[in-house]
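Below is one structure, written out as structure tokens; the observations come after it.
All chains are named by letter (A, B, ...) in the order of the sequence lines, taking the proteins before the strands, and each is independently numbered beginning at 1. Just so you know, these numbers use all the heavy atoms, side chains as well, and skip hydrogens, waters and symmetry mates.
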Amino acid sequence: MSAGKWKLALRNLSRNRRRNFATGTAIATGFAALIALGGFVNRTENHLRVYTVYLNRVGHINIYKADGLDKFSTKPRLYSLDETDVAKIQQVISELDNIEIHGGQLIGAGIVGNGCRTVPFVAKGIDPKVDLQLRNHAEMRKWVPKLRDFSRGAGLWNYDEQLGGIVVSTGLAKILGKTVVNDELPKDQKPVLVVNCAAPDAKDKIAADTNVQLVAGSWSGMMAAQDAEIVATFVSAIPELANSAVETSLAQLQRLYDTGSVTFYSLWLKDPRQLKQNISLIKDRLAAVGLKADIYPWMDENVAPFYSGTMQFVYVMVSFITFVLAAVVVLSIFNSATMTIIERSQEIGMMRSLGFTRKQIRELFVMEMLLLAAFSIITGGIVATLGILLVNNLGVTYNPPGIVGGMILKLIPNLKIVLQSGVITLSLAVATTLIAVRKVVRTNIATLLLGSQR
Amino acid sequence: MTNVTKTGETFVELKGIVKNYRLGQTVVSALRGVSLQLHRGEFTAVIGASGSGKSTLLNMIGCIDDPDSGSIKFDGVEVTQLSDDAKSHLRNQKIGFIFQSFNLVPVLSVEENVELPLLINPTISVSERTERVASALADVGLSSFMKNRPDQLSGGQRQRVAIARALAGNPDLVLADEPTANLDSQNSAKIIDLMLELNSKRRVTFLFSTHDANLMNRVSRIVNIQDGVIRT
């Protein structure tokens with residue numbers, strides 16, 4: 001029976017070729033658009049995720065002192081993790097298998113000067129070895145290969161701690177008038193002392209030197225100052241910090257603030273899919289060792305507001321477009337199915353009189369639509385693949401709000417999205433056909449035979 | 001010709017069938033308490049003016065429409081009480097239909113059209129299906145047209161295909177609603193000859209509605225219906 005029905009369904013597709021072509025085109029276009037849209041979301045989500053987790057160093061799991069996220073900036077000593085806390089965290093995570101990278105991070109602010117001008121900075125200190133691991137992470141190479149490079153110079157891990165190396169945002173380097181980084185200095189260059197900022201050559205002297213002074217109020221209440229050498233410049237991942245971001249080693253920043261504490265402790269997981277389980281486990285174990293801590297996953301809007309906000313916007317936008325696409329496809333299928341059913345009402349009556357049940361008639365129409373949809377989906381998949389190849393090769397850069405340096409427009413669909421799109425398209429086709437055919441199968445056979453559905 | 005030849009036992013029995021249709025505010029009485037018995041092997045014509053209730057009567061017997069009241073028994077089974085699926089099953093296994101406008105599926109070949117009702121009969125194997133199709137087409141003289149599409153056939157040939165389709169399921173009863181109305185007199189005669197031959201050869205009961213006076217002299221029984229009531 002089934003083979004015969006499929007054969008009949010296939011033959012019926014050849015009946016009104018123009019209409020079926022239009023319906024098939026709508027389905028194929030809708031499917032191709034879903035794949036492309038899915039590819040855009042996939043690319044954007046992965047870009048932002050890696051940007052947030054590895055480049056901006058928001059670990060998969062971030063451990064703060066209880067209330068530390070809100071109160072650290074006003075009472076850093078009370079709401080930071082001291083050496084004892086860090087030791088407890090390290091003890092807990094040493095028993096877990098899923099931790100790939102971990103390290104404490106210290107956030108601080110102050111002013112940075114070039115001898116003639118001072119401007120505010122916001123610094124983040126992290127162990128350079130951790131930074132190296134993050135920048136070399138496979139996810140970084142895969143999703144943001146260009147952003148992992150410094151604008152100029154090399155990472156802190158290349159330099160001796162004694163050098164006092166810092167990495168500054170390109171905007172801050174420009175404000176400070178610095179045009180070189182440490183590696184670009186002549187080997188025999190001596191430190192430049194600018195004694196007269198009004199001198200005609202002061203600007204050139206400052207530009208040719210990588211030395212700056214960091215000044216901040218230490219946690220012990222004193223003013224502290226440090227000499228630092230700019231070893232690299234980078235494009236800040238956070239637009240608000242484009243002109244003020246400084247990255248130092250954790251030890252250097254701790255020296256500046258005269259503390260051994262960290263603002264928070266970050267963990268990067270081998271398998272981020274186990275995030276919830278790991279958070280739950282760590283929460284329990286930290287409580288067991290007596291550490292009152294708040295734990296935030298990387299996508300929490302409190303620690304990654306940019307990721308959270310942007311993705312919400314993307315999802316709303318994509319949902320709207322998907323809805324419109326689905327509506328177009330559904331209406332097209334419905335129109336086609338309704339027209340077909342009206343045209344074939346007498347034939348449906350004949351088939352019913354031959355003994356076809358309502359269910360078998362429904363099945364026949366669904367089979368026809370499944371065949372059309374399957375063919376259209378294959379066509380749509382081919383069109384989408386060609387379109388995506390074209391778009392990806394164009395290398396168009398666009399600037400989504402909040403992403404420094406822009407993004408290259410790339411559509412990277414994954415198999416899951418393609419399969420989901422296929423299932424959605426087929427489901428819409430089947431559901432719409434069932435709705436369209438619902439009335440006719442309930443119509444009296446004698447009425448159908450008269451062609452009264454016309 | 002009003003003499004009735006009962007060639008077998010009663011297997012379809014209608015009692016007091018009433019069918020009304022509502023057309024807007026108007027109620028049209030198509031059948032007004034019709035009672036009728038059909039016997040195995042009969043070749044019966046239902047005659048009457050347009051709108052007299054011929055087609056409605058055939059629809060009731062063929063279980064493709066439900067009466068408002070009354071009883072229809074097919075092989076002793078009260079069909080008015082059957083579910084839609086059960087009635088579909090009954091139509092498939094026991095009744096063959098021939099329509100005025102042939103109602104062949106245009107995208108299927110002659111062979112596939114004849115095979116259509118057999119596709120949904122789970123008791124028939126593929127080989128038996130092939131045999132039945134070949135036999136039915138041989139009976140109607142269209143063996144050499146098996147692979148043709150309906151649009152490659154004449155009107156008379158199409159009606160032969162429809163007859164073959166009606167017979168392929170080995171039904172007890174074939175219902176034909178004005179089977180010669182769309183045919184010229186020559187083709188009409190051939191179709192009637194064919195139906196008579198099959199009635200005799202296959203012992204299938206035929207019940208058909210017609211206006212064709214030529215047919216009335218050749219049937220074993222005539223049922224005359226007027227204004228929804230059987231007069232003879």
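In terms of heavy-atom pairs under 4.5 Å with chain A, the best-connected choice from B:L104, B:D177, B:N92, B:I95 is B:N92.
Using a 4.5 Å cut-off on side-chain heavy atoms (C-beta onward), A:L8 and B:E112 make no contact. Side-chain contact between A:E347 and B:P106: present, with at least one pair of heavy atoms (C-beta onward) separated by less than 4.5 Å. Contact of the A:R352 side chain with the B:I64 side chain is not registered, since no non-hydrogen atoms from C-beta on lie closer than 4.5 Å. Looking at heavy atoms from C-beta onward, A:T357 lies out of side-chain contact with B:D84 at the 4.5 angstrom threshold. With a 4.5 Å cut-off on side-chain heavy atoms, A:Q346 and B:S101 count as touching.
Proximity to chain A involves both the backbone and the side chain of B:D65, based on heavy atoms less than 4.5 angstrom apart. Only the side chain of A:S14 comes within less than 4.5 Å of a heavy atom of chain B; its backbone N, CA, C and O stay farther away. At a 4.5 Å heavy-atom cutoff, B:T56 makes no contact with chain A through either its backbone or its side chain. Only the backbone of B:S109 comes within contact range of chain A, with heavy atoms under 4.5 Å apart. When heavy atoms are compared at a cutoff of 4.5 Å, A:K7 approaches chain B solely by way of its side chain, counted from C-beta outward.
Atom CG of B:D85 is surrounded by more than 12 heavy atoms from other residues, nucleotides or ligands within 6.0 Å. No more than 12 heavy atoms of other residues, nucleotides or ligands sit less than 6.0 Å from atom NZ of A:K410.
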Residue pair B:R91, A:I445: steps toward the side chain to side chain contact (heavy atoms under 4.5 Å, CB included) verdict: CA-CA 12 Å; B:R91 285 195 298 272; A:I445 302 170; 3.3 Å; yes

Worked check of side chain to side chain contact (heavy atoms under 4.5 Å, CB included) between A:K5 and B:L119: CA-CA 8 Å; A:K5 254 194 189 179; B:L119 289 175; over 6 Å; no

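Atom CE of A:M350 and atom CZ of B:R165 lie 4.5 Å apart (nearest 0.5 Å).
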